[in-house]
Amino acid sequence: MNNFTKTLLTACGVAVASSVITVGAFKASDSGLSRQADTDLSDNDLSDNGRTDANGRFLTVAQSAALETDFTAAAESTINGVVSIKSYVTLRQRSTRQSTPFDDPFFEFFFGTPRRQQQQPQQQEQQPKEQPMGLGSGVIISADGHIVTNNHVIEGAERLEVTLNDNRTYDATVIGTDPTTDLALIKIEADSLHVIPMGSSDNLLVGEWVLAVGNPFGFTSTVTAGIVSAKARSISDSRQGRMTIESYIQTDAAVNPGNSGGALVNLKGELIGINTAIYSQTGNYAGYSFAIPTSIVVKVMTDLKKYGTVQRAVLGITFRELTPEIIKEKGFKNINDGIVVEEVSEGGAAMTAGVKPNDVIVAINGTAIHNKAQFMEQLSRLSPGDKASLTIVRDGSTRNFDVTLLNNQGSTRIVKAPTVEALGAKFAKVADDKLRALRLRSGVQVSEVTGDGRFKRAGIREGFIISDINNGRVSSPEDVEKIYDAIMKSDDTYDKVMFISGVYPTGKKMYYAVDLAD
């Protein structure tokens, strides 16, 4: 065989081998492998290490399976489990008669309502009109109609209307609310509903694809996609000072007004969060949205369904998030982040376990604590009576403390949801002629004082007619209940009082202060 023949056969062999490699590469691409685009470099163009070309430029060559980004399956399995929630209030139009100085409650308390004023003709009040108050979303969590949403979606509503993805509409009742986490549980009378399976927010990774499903601007069954951009995020500076438990999942999936209470799901179609807030200076989406993780949602929903209120564990400390300034100020060593204990409550769970001021909590039950959001999230999973292991750094050394958590009353017993029955009284409407005789424009009569309730302890007796509570006029038993509920749901722990003014049938006017604090 001459040199020419050898050269020819070698060239053919190289060509065939190159063709096989090329076909194999395209087949690999079709089976899920990524190929480099817009690159036409031969082997001679690569340096020995295979990562740069002859000119020293870096090349990117994919060698792993491409990320799955097909959202259709997750979207289809999710949209039927997300509902639209409309809230309504009733607007009651007042008389068009112009007010006079005699209308002042201060004047009326001392002098009653002047007869000449009573004789003035008044335009009859028009029939109350129901008006839409807001629009949000909710997620079906049980086939028999339990739905989780945000507390701010239903707060203050007198009627809730839930619309399913197939346009069936139901009125909903409130099972329980938790303003501290901004979650609420409502229920509709339906069955065989589509339920989004519950996923684990603990397993969620930064950079993972997620879908946000809801009803932005009233557009139903809307799905947007994004990635998880952060976990355990706190945004309390933008929540107007309300005391909250915050450990949000931050994403860049587009969320707008109407999305609140909707689902955040992974690509398996599992619920991993409830969309709650956005970071915006305009009120509309500006790049970041925040969802309550299922690690918090599951605990809150379970408690609301079982007890009507959240069984919240209290450690009994005040604390700050560790910062470089605090580290320098206190001279801490061998520690970079965690929760600094400032004060320990007398007789609280932490004091009983031996925790002291200036201790730094770095883990709860083996889970590392780097910031306030993580600390609050881990604590929110626990209930009064649960035992927890605290990992604490004290004087540069690490120690473990076993603590039995308590409730905010300092015990481990179940806390019941507050109801108006705790007042220990029954109420009835007052006849118009009786109101006129007592020179009152409105009022509710205490028809019965029962047991050892709060009314009896405050000195209120049967027959007393309540004219106003906390400077708000009352005209029906429902008004008393609404005011009571609003006080009990307030974030102000130290000012749960009903200031009541009214009159007995004899005409004797009285003031009472009813303490509602536990």
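Heavy atoms only: backbone and side chains are in, while hydrogens, waters and symmetry mates are out. Position 1 is the first residue of the sequence; numbering continues from there.
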Mark yes or no for whether [X], through its side chain, and [Y], through its backbone, hold a donor-acceptor pair below 3.5 Å.
X: Arg454; Y: Gly424; result: no
X: Thr318; Y: Glu342; result: no
X: Lys231; Y: Ser201; result: yes
X: Thr149; Y: Ser137; result: yes
X: Ser467; Y: Ser501; result: yes
X: Asn275; Y: Ser260; result: no
X: Ser380; Y: Arg312; result: no
X: Asn215; Y: Asn259; result: no

Open item on the list: What I want to check is whether the side chains of Asn284 and Ser280 have a donor and an acceptor closer together than 3.5 Å.
Closed with: no
TODO: Examine the side chains of Glu478 and Ser476 and answer whether a donor and an acceptor come within less than 3.5 Å of each other.
DONE: yes
Rounded to the nearest 0.5 Å, how far apart are [atom1] of [X] and [atom2] of [Y]?
X: Arg233; Y: Gln374; atom1: CZ; atom2: CD; result: 11.0 Å
X: Phe427; Y: Ile466; atom1: CZ; atom2: CD1; result: 5.0 Å
X: Phe499; Y: Tyr511; atom1: CZ; atom2: OH; result: 12.0 Å

Which heavy-atom pair separates [X] from [Y] by the least distance, and what is that distance?
X: Ile339; Y: Ile369; result: CG1-CG2, 3.7 Å
X: Gln311; Y: Asp303; result: N-OD2, 3.0 Å
X: Val153; Y: Gly136; result: CG1-CA, 4.0 Å
X: Ala349; Y: Leu405; result: CB-CA, 4.1 Å
X: Gly472; Y: Ile483; result: O-CD1, 4.5 Å
X: Val514; Y: Ala458; result: CG2-CB, 3.9 Å

State, yes or no, whether a side-chain contact exists between [X] and [Y] at a heavy-atom distance under 4.5 Å.
X: Val355; Y: Val403; value: no
X: Ile292; Y: Asn150; value: yes
X: Pro477; Y: Lys429; value: yes

TODO: Give the intermediate values and the outcome of side-chain contact (heavy atoms from CB on, under 4.5 Å) for residues Phe375 and Leu315.
DONE: CA-CA 11 Å; Phe375 174 73; Leu315 187 55; 4.0 Å; yes
Step through the shown structure and confirm whether more than 12 heavy atoms of other residues, nucleotides or ligands are within 6.0 Å of [atom1] on [X].
X: Glu346; atom1: CD; value: no
X: Asn471; atom1: CG; value: no
X: Glu462; atom1: CD; value: yes
X: Lys372; atom1: NZ; value: no
X: Lys299; atom1: NZ; value: yes

Open item on the list: Using a strict threshold of under 4.0 Å (side-chain N to carboxylate O), is an ion pair present between Glu377 and Arg381?
Closed with: yes
Open item on the list: Check this for me, if you would: do Asp432 and Arg436 make a salt bridge, where the nitrogen-to-carboxylate-oxygen distance has to be below 4.0 angstrom?
Closed with: no
Open item on the list: Consider side chain to side chain donor-acceptor pair (under 3.5 Å). Of Glu158, Arg159, Glu130, which one does Thr90 pass it with?
Closed with: Glu158
Open item on the list: Could you check whether Phe464 and Tyr512 have their ring centres less than 6.0 Å apart?
Closed with: yes
TODO: Decide if the gap between the ring center of Tyr288 and the ring center of Tyr248 is smaller than 6.0 angstrom.
DONE: no
TODO: Report the C-alpha separation of Thr412 and Leu406 in whole Å, then their side-chain angles, then the decisive distance to 0.1 Å, and conclude whether the side-chain contact (heavy atoms from CB on, under 4.5 Å) test is met.
DONE: CA-CA 5 Å; Thr412 59; Leu406 306 175; 3.7 Å; yes
- [ ] Please determine which of Val83, Thr173, Ile85 meets the side-chain contact (heavy atoms from CB on, under 4.5 Å) test together with Ile186.
- [x] Ile85
- [ ] Begin with the C-alpha distance, continue with both residues' side-chain angles, and end with the deciding distance and a verdict on side chain to side chain donor-acceptor pair (under 3.5 Å) for Ser389 and Asn365.
- [x] CA-CA 5 Å; Ser389 175; Asn365 290 335; 5.2 Å; no
